[in-house]
Amino acid sequence: MRRHARAEVARSVHEFARGARGRGARGGQAGTLQGGFSLRSRTRRRLAALTSAASLAAGLLGAAAPGAQAAAGTDDVTAGQIGLYGGSSGVETVNADGTGLRSVPNIPNFGYTPNWAPDGSRVVAGWSQLSTGRVTGTTSLVTLPWATKVRSSASYEDPTFWLDGRYVVFSTGGQLAYGPSDGSWAPEPLLTDTQEPSTVCDIHPTASPTGTLAFERQHNYGCYDSQGIWTYDPSTKALKNIIASGSSPVFSADGSKLVFTREVDGWTQLFTANADGSDVKQVTTDATDHLSPTWDPAGGRIAYEAHSSHAGWSDDVQTVRVLDLASGTSAEVTGAGKGAKPAWQPLRKNSLVRVYGTGSVGIDGAASRWTFDKVGAAHVPGLLTAKSAVLVNKGNATYSAPAIALAAEKQGPVLLTSGSGLDSAAATELKRSLPKGSTVYLNGSTRILGSKVASQVQALGYKPLRLDAPDLSSLSARVAKQISATPSWIFVADGADYHDPIAASTAAGALGYHGTGVVLLTNGKTVPTSVKNYLNALNPATTNMVTVGYNATQAMEHVTLNKSWSFWTIGGKTHEDVAANLARFWWTSPTQAAVEDTWTWQNAVAGGAATATYGPMLWSGESTLSAPASYYLGQEAASIWVVQTFGGNTSYPPANRTAIASAIAASSAWTTTYWAANGDLPSATAKAAQSFGTESVPATTGTRPAPDPTVVPGRHLPAPDAHTAR
């Protein structure tokens with residue numbers, strides 16, 4: 001019997017085309033706290049190394065002394081602004097010298113307790129509900145969903161970005177809650193009922209660069225009695241009381257210090273301590289209430305609310321002041337009654353990596369060299385050992401799309417060759433990256449890759465395995481079977497055009513190394529027999545389906561199958577929209593993304609195979625960054641610290657690069673472009689990267705947590721659109 005969709009098809013193609021939010025999300029990357037938190041840090045090529053080298057330059061790998069000019073967590077310790085709660089004016093910003101006070105236009109007037117993303121690109125603020133937004137006047141506001149499973153529906157207080165901007169932690173009704181900074185699923189309680197019983201209230205959370213949280217714990221009736229300052233280690237999930245008496249803790253930018261408040265002789269004074277609670281020092285003594293402290297990113301100054309009499313008293317005069325720890329003097333930043341809840345902005349440089357080929361090295365070779373070690377050579381930190389390779393016809397776009405998911409699963413590059421014979425460039429890269437005796441997959445029949453290609457591969461010492469099929473849809477089913485006979489996720493796209501299949505295959509590849517994600521291709525709005533046979537062998541109760549693009553959705557809504565299926569639908573007015581909407585659906589607060597030229601599929605296939613397990617792929621024009629890609633990157637700026645592009649040196653001209661740089665950082669000035677000709681970094685950069693890079697970054701180094709490709713998406717997905725079939 002023909003399948004019929006419900007008339008109201010929830011969150012249909014049209015809603016996704018509008019960029020609807022709040023669908024609950026996906027999580028195609030590390031950091032999930034439900035079911036086990038992972039700080040394992042696996043990054044491809046020298047991204048980890050670049051991070052470590054840049055971090056060292058910024059002081060991240062060592063505790064910067066107070067006043068040091070190379071502070072952790074920020075690349076410029078003088079340029080950052082101070083964010084303020086401006087009452088009816090909402091969020092305000094002011095320079096540290098008191099100049100430039102202004103209202104932020106695109107944050108609504110509920111900007112209580114603002115706080116900054118680690119790179120200074122976004123602010124989180126709110127009261128009854130939290131939002132994040134830019135302070136540069138661009139519109140990319142994200143309102144986080146209401147928290148679920150919390151004890152009460154109280155206000156949301158003291159939000160702080162956590163784990164390098166991927167999450168937001170806040171207090172509600174005395175309970176700590178966390179959720180992704182992009183609002184892709186609803187915040188949930190951070191601690192268990194045993195760790196956080198109803199008899200305690202945890203407030204004022206603050207996050208260190210390594211992921212440790214500190215907060216104030218109160219107890220007894222009404223939570224009026226303080227139990228001091230506690231810490232939470234996300235890697236061990238351990239709680240510890242580190243300071244017996246104290247309130248409003250805030251980590252320094254490098255995570256080595258805490259500032260907090262404590263009442264002395266009737267006045268609230270400022271204290272500092274080491275991150276473990278040792279070496280407590282009182283740093284203010286005047287007859288003033290010192291509230292809501294925040295560190296200068298350099299570590300030498302503290303901004304705070306100064307109250308001439310006790311806060312809330314009718315004769316109280318409140319200002320924002322900055323204390324210099326070296327001299328012990330303070331200076332006024334705002335006039336009487338101007339601003340509250342100060343938060344000092346860090347400014348950290350993010351990365352745009354340009355990978356391209358030159359001379360005899362094409363984009364496929366460059367992407368492979370960017371990702372995989374050389375056989376027999378010393379291991380390069382950040383690279384992987386290739387376990388296979390996938391060959392595709394360099395003149396056939398749609399036949400190449402399934403190769404991305406296959407390469408991600410089999411851990412190898414996608415290499416381009418002529419159909420009549422193995423190109424010398426492909427042969428060279430096979431010999432460079434792949435150990436002899438490994439499998440080389442030929443994506444297509446002899447009509448696509450001739451028998452000579454297989455013979456030449458075998459002559460090089462490899463095992464050619466042809467994935468034969470009479471047509472494209474059959475090939476997608478054949479590749480899917482090679483990945484898994486029982487996948488957890490299926491992405492369906494129309495094979496008539498390469499854009500949606502490549503985006504879909506990249507999403508499927510996010511589950512690489514586990515055999516759980518495949519892509520199937522329809523013939524327009526028709527599901528061929530080969531694809532139906534593959535689906536009929538599966539159990540819809542254990543396999544999830546996502547349709548990517550209008551034609552694929554129409555095909556699956558009208559196909560006749562022997563079992564009932566429900567599935568999610570991703571659509572959009574353009575291919576750029578579809579890719580961005582798929583990214584929103586599938587990835588939770590990614591740390592990386594790839595932007596590909598919409599007219600050059602070879603770049604996207606080679607680059608997708610290199611990046612699929614680490615973040616989404618977005619389509620863009622060559623001269624101008626597409627609006628969907630720009631909007632997506634801007635919304636995800638709190639967590640994205642690197643964008644990769646693949647293609648010829650003429651691709652992505654300065655205007656496009658500047659737009660990408662502006663989207664992911666506080667401004668374009670805060671993104672560094674790395675040029676990786678033939679997949680290699682310039683010698684000076686590479687030397688630094690190799691000196692400080694590591695493939696497995698411990699949680700204690702202070703480097704940015706990277707995605708973990710072993711985390712399976714889908715835990716926070718909503719129910720799929722309801723469809724019926726018999």
Side-chain angles (χ1 to χ4, degrees), residues 19 47 50 54 75-76 79 105-106 117 119-122 133-141 347-358 363 366-367 370 499 502-503 572-581 583 590 592-604 606-608 610-611 615-679 681-682 685:
L47 294 183
L50 285 173
D75 289 332
D76 192 307
N106 60 316
D119 63 354
S121 63
R122 294 183 72 89
R134 305 296 291 256
V135 298
T136 56
T138 57
T139 56
S140 57
L141 192 71
L347 284 171
R348 183 197 70 199
K349 284 201 172 183
N350 295 324
S351 300
L352 170 59
V353 181
R354 290 278 297 104
V355 181
Y356 60 98
T358 63
I363 186 55
W370 175 252
H499 292 91
I502 287 176
K573 295 180 179 179
T574 66
H575 297 303
E576 292 86 350
D577 289 321
V578 172
N581 288 334
Q592 305 176 28
V595 175
E596 305 294 0
D597 173 16
T598 189
W599 301 114
T600 312
W601 65 267
Q602 292 91 342
N603 297 344
T611 63
M617 188 217 71
L618 305 169
W619 289 115
S620 175
E622 190 174 285
S623 60
T624 304
L625 182 64
S626 69
S630 176
Y631 192 75
Y632 176 81
L633 292 174
Q635 286 188 315
E636 303 289 343
S639 61
I640 288 179
W641 60 269
V642 61
V643 170
Q644 300 173 76
T645 64
F646 293 81
N649 195 18
T650 57
S651 298
Y652 310 104
N656 198 328
R657 299 198 303 269
T658 299
I660 293 173
S662 299
I664 64 172
S667 71
S668 61
W670 297 105
T671 298
T672 299
T673 299
Y674 295 96
W675 298 84
N678 298 338
L681 293 167
T685 306

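All figures in this text were calculated on a predicted structure; none of them were measured in a lab.
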Straight-line distance of [X] [atom1] to [Y] [atom2], nearest 0.5 Å:
{"X": "Ile363", "Y": "Thr358", "atom1": "CD1", "atom2": "OG1", "result": "10.5 Å"}
{"X": "Leu352", "Y": "Trp641", "atom1": "CG", "atom2": "CH2", "result": "12.0 Å"}
{"X": "Ser140", "Y": "Leu633", "atom1": "OG", "atom2": "CG", "result": "10.5 Å"}

If the condition is side chain to side chain donor-acceptor pair (under 3.5 Å), which residues does Ser121 pass it with, not counting sequence neighbours?
Asp119
Can you sort out the partners of Thr624 under side chain to side chain contact (heavy atoms under 4.5 Å, CB included), two or more places apart, ordered by chain and number?
none
Minimum-distance pair of heavy atoms, taken over all atoms of [X] and [Y]:
{"X": "Pro653", "Y": "Glu622", "result": "CD-O, 2.7 Å"}
{"X": "Ile640", "Y": "Tyr632", "result": "CD1-CE2, 4.4 Å"}
{"X": "Ser639", "Y": "Pro590", "result": "OG-O, 2.7 Å"}
{"X": "Leu681", "Y": "Ala676", "result": "CD2-CB, 4.3 Å"}

Does Gly634 offer a backbone N or O that forms a donor-acceptor pair with the side chain of Arg122 under 3.5 Å?
yes
Judged by atom type as modelled, is there a donor-acceptor pair below 3.5 Å linking the side chain of Asp577 to the main-chain atoms of Pro628?
no
What do the steps show when you test Ser626 against Thr598 for side-chain contact (heavy atoms from CB on, under 4.5 Å), and what is the final call?
CA-CA 10 Å; Ser626 69; Thr598 189; over 6 Å; no
Test log, rule side-chain contact (heavy atoms from CB on, under 4.5 Å), inputs Ile660 and Thr671:
CA-CA 9 Å; Ile660 293 173; Thr671 298; over 6 Å; no
Step by step, would you call Met617 with Thr611 a side-chain contact (heavy atoms from CB on, under 4.5 Å)?
CA-CA 8 Å; Met617 188 217 71; Thr611 63; 5.7 Å; no
Where do Ile502 and Trp619 land on the side-chain contact (heavy atoms from CB on, under 4.5 Å) test, with the steps shown first?
CA-CA 10 Å; Ile502 287 176; Trp619 289 115; 3.9 Å; yes
Establish, from distance only, whether the side-chain atoms of Thr645 and Arg657 form a donor-acceptor pair under 3.5 Å.
no
